[in-house]
Amino acid sequence: MTVSVLPWTIVFLLLNLGAGLWRAWKGPTDGDRLLTTLLFATTSVAILLLMSAWLELPAIRYVALMLVLLATIISLAFFGMPARASKSGDQADD
Amino acid sequence: MSAPLAVDVLLGLILVGLAAQVAIGEHLFRAIVFYVAFGLSMSVIWARLGAPDLALADAAIGAGLTGALMMVAFRRLVEIDPKQAQAQGTRSSALAVLIGVLAAGMVATIGLTALTLEQQPGRAGLQVMETLGDTGLGNPITGVLLVFRGFDTLIEMTVLLTAFVGSRVMTTRSRFYVATIAGFQLPLVRTLVAVILPLAALIAMHLLWIGSDQPGGAFQAGSVLAGAGVLLLLTGTLLPASKSRALVRLALVAGVASLCVLVLAPMLRGQVAMAYLGRGSLLFAEALMMVSIATSLTLLFAGRPSLKVGRP
Amino acid sequence: MTSAVFVLVAAAIFGLGVHGLLVSAHIMRKLLALNLMLSALFLLLIVVPATIDGRPDPVPQALVLTGIVIAVSTTAFALALMVRLFRKQGHASIHPDIDPRLLGRKAPSKANKTAQGDDR
Amino acid sequence: MTDLLALVFLLSGCFFIFAGTVGMIRLPDVYCRLHAMTKADNLGLLLICLSLLLLDGRVRIALLLLLIWLLALLASTVSAHLIARHSRARQVNERDGG
């Protein structure tokens with residue numbers, strides 16, 4: 001019984017992702033947009049785990065594992081972004 | 001509407017929505033963020049299509065590496081000149097829209113026509129599945145990469161090496177690249193590194209080992225290691241260094257060298273080039289390829305010829 | 001049915017990529033658009049051939065797998081080129097006839113001359 | 001019985017993820033959104049993992065699912081922390097620097 005519900009739960013989670021897109025589009029700050037990638041990562045992991053049970057492909061679990069393993073890369077790359085855009089930059093060397 | 005169709009349509013709509021934001025959205029930073037989400041969705045789509053090998057590679061590269069590369073490059077532009085970094089100069093025109101629509105129509109026509117064609121009985125995919133048993137491998141993709149189309153993989157590794165050499169030439173005169181250190185001093189980040197580094201190494205080894213029979217292999221394992229390398233660079237655990245080291249150079253050429261050996265070794269034994277040598281030799285070559293892929297992608301991200309250990 | 005849906009998705013993404021490539025002046029936007037086009041083609045390559053035992057054909061899968069790695073390495077190289085160009089000419093656009101006013105301020109004339117000198 | 005329990009876990013997991021999305025859309029500022037999203041979504045993920053391990057029943061898979069959940073927890077924690085720190089630094093900059 002539960003197995004037959006799996007694709008519909010995936011549909012529901014995908015609808016959640018679509019709603020999350022609205023926040024990324026609206027903003028208003030860069031932090032909000034980064035938050036959307038976090039939502040995408042967590043929800044994608046849930047979707048992938050459900051898919052591995054639905055499609056009976058155990059290897060998809062490793063895809064989910066890799067996604068959570070490397071999910072912080074984007075936040076780490078973003079964290080280095082200057083907080084204020086008018087900060088003076090380094091000079092060209094050429 | 002049936003559930004699988006609903007999943008496909010929704011996935012497709014989300015992907016197209018993200019692509020639209022990447023391609024025609026107004027701000028560059030937003031486009032990069034949407035591109036990251038695009039990469040994540042791409043990996044879900046590969047899983048949906050039953051291609052876990054591609055999903056594994058795209059989970060590390062499409063979602064992690066490419067997004068981080070774009071973000072860090074954008075950061076460098078902002079650091080050099082914040083006013084010009086975002087400057088767009090977009091010139092929207094009816095002609096561009098027309099060309100875009102025509103291109104989409106062309107791809108749709110080609111794709112939909114190709115779908116209606118009858119399946120050829122002797123096509124490469126079927127032959128691979130038939131002869132795979134002779135090689136003793138269980139994963140047809142590893143078979144194609146290393147046995148049936150090994151020359152392509154050799155060229156692919158060469159392209160990777162060339163991209164590294166090119167990018168090294170481009171960045172050699174610029175100022176020392178101060179890595180985007182996200183505060184190694186933060187205790188949370190330190191914990192993250194301590195947890196993720198061993199796990200990434202473990203998963204890479206696992207993917208390499210099972211790659212002969214199940215989804216996995218050198219490319220996927222190399223992408224995980226490259227992702228971990230980028231994470232180390234971003235946290236300042238590893239730092240870019242300008243003094244080249246012999247070990248790093250060896251790691252860079254190991255993949256090409258191992259494939260060259262796979263090509264030449266059978267000739268020494270009087271067989272044709274690229275003749276199949278057995279599972280052990282493939283695993284050895286794959287291990288070296290993994291090291292090469294991980295090293296070159298990490299160094300491409302660092303933009304410097306070498307790495308050194310950062311001090312916390 | 002799955003294949004037809006994803007062929008249409010690939011077509012839409014490819015069209016968007018072509019449009020973005022033509023319209024945007026910023027090199028990074030062009031690179032993003034090129035990456036979109038690549039993803040669309042990868043999708044097409046996997047979806048179009050008939051499946052074998054319910055899984056996609058292994059030959060295009062291997063092609064796409066190498067393609068993904070190639071795409072990221074060439075993108076990294078292109079981004080290195082872009083940063084270099086940005087330092088040299090003061091903006092990250094490769095349109096020679098672009099109106100400097102669109103870029104927010106006039107590009108430094110000296111930098112422009114060097115850039116043109118390189119072109120010859 | 002196990003099947004029914006799995007179904008309950010699955011549906012409640014979906015509910016919590018839905019709650020996280022609603023919070024992300026409705027709440028007023030970035031800190032509230034971070035709070036709502038990371039907590040509710042990870043609870044949802046845990047419930048989905050529990051449901052799937054009940055469905056599968058093997059210990060090896062159960063451990064893998066729990067490892068994935070723990071890593072997701074760590075990733076959410078670090079990401080939320082970094083985003084919040086960045087937003088805070090930006091706010092301070094805007095207030096002091098104009």
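A, B, ... follow the sequence lines: proteins, then strands. Residue 1 opens every chain.
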note = Highest number of heavy-atom pairs under 4.5 Å with chain B among C:Leu31, C:Val5, C:Ile70 belongs to C:Ile70
task = Could you pull out the closest heavy-atom pair between B:Gly125 and C:Pro58, with the gap in Å?
result = O-CG, 4.3 Å
Approximate separation, where rounding is to 0.5 Å, of C:Ile27 CD1 and B:Leu28 CG = 11.5 Å
task = Could you check C:Leu36, C:Leu16, C:Ile13, C:Asn35 and say which one makes a side chain to side chain contact (heavy atoms under 4.5 Å, CB included) with B:Val22?
result = C:Leu36
query = Do B:Pro52 and C:Arg55 have side chains that get closer than 4.5 Å, going by heavy atoms?
reply = yes
Part of B:Arg149 within contact of chain C (heavy atom distance under 4.5 Å) = neither
request  = Could you grab the distance from atom CG of B:Leu65 to atom CD1 of C:Ile68, nearest 0.5 Å is fine?
outcome  = 12.0 Å
Between CD1 on residue B:Ile141 and CG on residue C:Leu63, distance to nearest 0.5 Å = 11.0 Å
message = What part of C:Leu44 gets within 4.5 angstrom of chain B, counting heavy atoms only: side chain, backbone, both, or neither?
response = side chain
remark   = So CG of B:Leu115 and OG of C:Ser3: to nearest 0.5 Å the spacing works out to 5.5 Å
key: Heavy-atom contact with chain C under 4.5 Å, split by part of B:Leu126   = both
task = Measure distances from B:Leu69 to the heavy atoms of chain C and classify the residue's part below 4.5 Å as side chain, backbone, both or neither.
result = both
remark   = Rounded to the nearest 0.5 Å, the CZ atom of C:Phe42 sits from the CG atom of B:Leu54 at a distance of 9.5 Å
note = Honestly, the part of C:Leu65 sitting under 4.5 Å from a heavy atom of chain B is both
task = Output the distance between atom OG (C:Ser73) and atom CZ (B:Phe301), rounded to the nearest 0.5 Å.
result = 15.0 Å
ask   = With a 4.5 angstrom heavy-atom cut-off, which part of C:Leu43 approaches chain B: side chain, backbone, both or neither?
value = both
task = Go through the atoms of B:Phe74 and report whether side chain, backbone, both or neither lie under 4.5 Å from a heavy atom of chain C.
result = both
key: Any B:Met129 side-chain heavy atom under 4.5 Å of C:Asp53 side chain   = yes
Residue, of C:Met28, C:Met37, C:Met82, that accumulates the most heavy atom pairs under 4.5 Å with chain B = C:Met28
ask   = Side chain, backbone, both or neither: which part of C:Ile46 has a non-hydrogen atom closer than 4.5 Å to chain B?
value = side chain
ask   = What option among C:Val48, C:Val47, C:Val69 has the most heavy-atom pairs under 4.5 Å with chain B?
value = C:Val69
query = Does any heavy atom of chain B fall under 4.5 Å from the side chain of C:Ala50, the backbone, both, or neither of them?
reply = both
note = Looking only at B:Ala114, B:Gly62, B:Ala51, B:Ala124, the option with the highest number of non-hydrogen pairs under 4.5 Å against chain C is B:Ala51
remark   = On a heavy-atom basis, the closest approach of B:Val107 and C:Ala11 is CG1-CA, 3.8 Å
task = Answer yes or no: is there a side-chain heavy-atom contact under 4.5 Å between B:Arg76 and C:Leu79?
result = no
query = Stepwise, does the side chain to side chain contact (heavy atoms under 4.5 Å, CB included) test hold for B:Asp152 with C:Thr66?
reply = CA-CA 9 Å; B:Asp152 287 358; C:Thr66 51; over 6 Å; no
task = Test side chain to side chain contact (heavy atoms under 4.5 Å, CB included) on C:Leu8 and B:Leu112 and set out the steps.
result = CA-CA 8 Å; C:Leu8 291 178; B:Leu112 291 176; 4.1 Å; yes
request  = Go through C:Val72, C:Thr75, C:Thr51, C:Leu41 and name the one with the most non-hydrogen pairs under 4.5 angstrom from chain B.
outcome  = C:Val72
remark   = Assert top hit (heavy-atom pairs under 4.5 Å, partner chain C, pool B:Met42, B:Arg48, B:Met157) equals B:Met42
inquiry  = Within the structure provided, determine whether C:Phe77 and B:Phe164 are in side-chain contact (heavy-atom separation under 4.5 Å).
reply    = no
request  = Please report the C-alpha distance between B:Arg123 and C:Val59 in whole Å, then the side-chain angles of each, then the deciding distance to 0.1 Å, and finally whether the side chain to side chain contact (heavy atoms under 4.5 Å, CB included) criterion is met.
outcome  = CA-CA 10 Å; B:Arg123 70 196 172 101; C:Val59 177; over 6 Å; no
key: Part of B:Val128 lying under 4.5 Å from any heavy atom of chain C   = side chain
query = Given the rule in the side chain to side chain contact (heavy atoms under 4.5 Å, CB included) test, do B:Ile99 and C:His19 qualify, once you have shown the distances and angles that lead to the verdict?
reply = CA-CA 7 Å; B:Ile99 294 175; C:His19 179 262; over 6 Å; no
query = Under a 4.5 Å heavy-atom cutoff, which of C:Pro56, C:Ala12, C:Ala40 has the most pairs with chain B?
reply = C:Pro56
inquiry  = If I measure from the heavy atoms of chain C, does B:Ile24 come under 4.5 Å with its side chain, its backbone, both, or neither?
reply    = both
request  = Measure across B:Ala103 and C:Val18 and return the closest heavy-atom pair with its distance rounded to 0.1 Å.
outcome  = CB-CG2, 3.8 Å
Residue selection (most heavy-atom pairs with chain C, distance under 4.5 Å) from B:Thr109, B:Asp8, B:Leu56, B:Val144 = B:Asp8
